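Here the structure is a predicted model, which is why all the values come from computation and not from measurement. Keep in mind that the numbers below use all heavy atoms, side chains included, and drop hydrogens, waters and symmetry copies. Counting begins at 1 with the first residue of the sequence. Indexing begins at 1, ligand by ligand and atom by atom, following the structure's order.
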Amino acid sequence: MSGRFITFEGPDGSGKSTHFTRAADWLRDRGIDVVCSHEPGGTALGRAMRQVFLESPWDAPDGSVEALLLFAARRQHLRELIEPALAEGRWVLCDRFTDSTLAYQGAGRGVPIERLRELDRWATGSRQPYLTLLFDLPPDKARRRGQSDRRRKSVEGVNRLDVEDLAFYERVREGFLSLARAEPDRFRVIDSSASVEETAAQVEAVLIELTAARV
Ligand code: TYD
């Protein structure tokens, strides 16, 4: 059986990470060999870059600097972890991938999409996930959730992007949705404004579809 590369996308506070963990458990319970990873991060180089990206004490980099960092780490992530796992027939679940760069650095920060596509061609060979679950909800709701999450964690849990204004997150949301509209076969949009259980039911429907299509 061949490996599958599945990504989870959506704005901060969309509940994506909770459903990511649950989806991995759901697949493992059905005997599927799942590798979980995330971006920024995923490898030692990626984790070092994540620190530079999210916690930099220096002047904020612009969207192009962010994109260059993210794609460098992404290439390493593919070479070191994602492609070898897929080649062994394992399934790779990744919490964020290139669609995040298109939404955050492209739609959010205004880096021209064509530039990002060009970088993507160079860094990853335009590597596409087999399927992408997009967790969608309005930014004001996402923000309220994010804030209560962070209160539960700690002040250190607040990163550079957490303090962006709502207009930024409106652009990011619209960026994600326009990617989903452009590639309806790859994307499944999950309405995550509902309760955790209702959202989980939508995710499970996608997982059932996914495992039924397994060859
Ligand atoms: P993280 O704490 O991992 O948040 P989340 O649980 O929501 O994924 O922080 C990741 C942040 O990095 C998040 O604000 C989105 C941002 N990001 C980009 O701007 N571009 C990217 O390509 C990626 C992968 C993440």
May I ask you to list the atoms of ligand 1 that are less than 4.0 angstrom from any heavy atom of [X]?
X: Leu54; value: 9 (O), 11 (C), 12 (O)
X: Pro40; value: 10 (C), 24 (C), 25 (C)
X: Ser17; value: 6 (O)
X: Thr101; value: 21 (C), 22 (O)
X: Arg74; value: 22 (O), 24 (C)
X: Glu39; value: 24 (C)
X: Gln105; value: 18 (C), 19 (O), 20 (N), 21 (C), 22 (O)

Mark the output for His38 as yes if a heavy-atom distance to ligand 1 is under 4.0 Å, and as no if none is.
-> no
Return yes when Glu66 approaches ligand 1 closer than 4.0 angstrom through a heavy atom, no otherwise.
-> no
Do we see a donor-acceptor contact under 3.5 Å between the side chains of [X] and [Y]?
X: Ser17; Y: Asp95; value: yes
X: Arg186; Y: Thr132; value: yes
X: Arg96; Y: Tyr104; value: yes

Closest to atom 3 (O) of ligand 1 by heavy-atom distance, out of Arg109, Arg50, Arg96, His77, is Arg50
Which one of Phe71, Phe135, Phe53, Tyr104 has a non-hydrogen atom at the shortest distance from atom 12 (O) of ligand 1?
-> Phe53
Between CG on residue Asp136 and OG on residue Ser192, distance to nearest 0.5 Å = 6.5 Å
When rounded to the nearest 0.5 Å, the distance separating CG of Asp185 from CG of Leu131 is 10.0 Å
Would you call Thr211 and Ile32 a side-chain contact if the rule is heavy atoms closer than 4.5 Å?
-> yes
Check the angle between the aromatic planes of Phe8 and Phe20 and answer parallel, tilted or perpendicular using the 30° and 60° thresholds.
-> perpendicular
Give a yes or no on whether a salt bridge exists between Arg74 and Glu83, defined as a side-chain N under 4.0 angstrom from a carboxylate O.
-> no
Please say whether Tyr169 places an N or O atom under 3.5 Å from an N or O atom belonging to ligand 1.
-> no
